[in-house]
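Single-structure report; data block below.
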Amino acid sequence: MAAAYDSGNIFAKILRGELPCNKVYEDDRSFAFLDIMPRTPGHTLVIPKAPARNILDVAPDDFAYAMRIAQKIAIAAKGAFSADGITLQQFSEAAGGQVVFHLHVHVMPRFAGVALLPPASRKEEPEVLAEHTRRLIAALA
Ligand code: AMP
């Protein structure tokens, strides 16, 4: 049987406003914010507002909508960071690489010849995250 959604996860707390984040986008069904340990400049996480642990339990429409917003962020991020490409990732369950159990899609700007940093390598400086947030918000406007 699939594991149950736990509303105590970090991203649920961010959605409830109990923890801070660098928000770049929000609408009635989705929310997007910068990863605090970016693997590339502009690394953004897109999440549905509806509770879902991962791709194994998310309602198909909620997943489709999150992907629609991931595309919107990808296009904005490519411009905002003058990226050469974009990588999307989504991990489901610990064995699939998932660490935070609220469904999220990673949107990562890529630069020719530059590898991604390994996951959770380093926490970015708050002022750098703030500047990247401003850039993405401006590109989304
Ligand atoms: P994963 O569950 O493996 O897809 O990855 C979870 C991601 O969440 C990692 O890239 C972390 O750097 C990121 N992360 C963890 N805590 C926070 C937080 N409070 N705000 C933003 N990103 C976070």
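Note that ligands are numbered from 1 as they come in the structure, with each ligand's atoms numbered from 1 the same way. Along the sequence shown, residues are numbered consecutively beginning with 1.
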Inset, instruction - Report the C-alpha distance between Y5 and H102 in whole Å, list the side-chain angles of each, state the deciding distance to 0.1 Å, and finish with yes or no for ring pair (Phe, Tyr, Trp, His ring centres under 6.0 Å). - result: CA-CA 8 Å; Y5 180 79; H102 180 110; 5.5 Å; yes

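Open room surrounds CZ on R68; 12 or fewer heavy atoms of other groups in view lie less than 6.0 Å from it. Heavy atoms from other residues, nucleotides or ligands lying under 6.0 Å from CD of Q71 number 12 at most.
Contacts of L19 with ligand 1, taken as heavy-atom pairs under 4.0 Å, are absent altogether. Contacts of Q89 with ligand 1, taken as heavy-atom pairs under 4.0 Å, are absent altogether. At a heavy-atom cutoff of 4.0 Å, ligand 1 is contacted by the side chain of I10 but not by its backbone.
Against a heavy-atom cut-off of under 4.0 Å, H106 is close to the following atoms of ligand 1: 1 (P), 4 (O), 5 (O), 7 (C), 10 (O). Using a 4.0 Å cut-off to heavy atoms of M37, the atoms of ligand 1 that qualify are 12 (O).
When the heavy atoms of F91, F33, F11, F101 are ranked by distance to atom 8 (O) of ligand 1, first place goes to F11. Among M108, R39, H104, Q90, the residue whose heavy atom lies closest to atom 4 (O) of ligand 1 is H104. Nearest-heavy-atom check against atom 7 (C) of ligand 1 across V100, I36, D35, L103 picks out D35.
Heavy atoms only, all atoms of each residue included: S82 and F111 are closest at O-CE2, 3.8 Å. Annotation for G42 and L34: closest pair O-CD2, 4.0 Å, computed over non-hydrogen atoms.
Residue G97 places a heavy atom less than 4.0 Å from ligand 1. For the pair L34 and ligand 1, a heavy-atom separation below 4.0 Å is found.
Taking the six-membered ring for Trp and the full ring otherwise, the centers of F33 and F11 sit less than 6.0 Å from each other.
By the 30° and 60° cut-offs, the orientation of the rings of H106 relative to H43 is tilted.
Note: no N/O pair closer than 3.5 Å links L45 and ligand 1 by distance alone.
Of the protein's non-hydrogen atoms, the one nearest atom 2 (O) of ligand 1 is V99 N, 2.6 Å.
Ion pairing of K49 with D28 is absent here, as no side-chain N (NZ or NE/NH1/NH2) approaches a carboxylate O to less than 4.0 Å.
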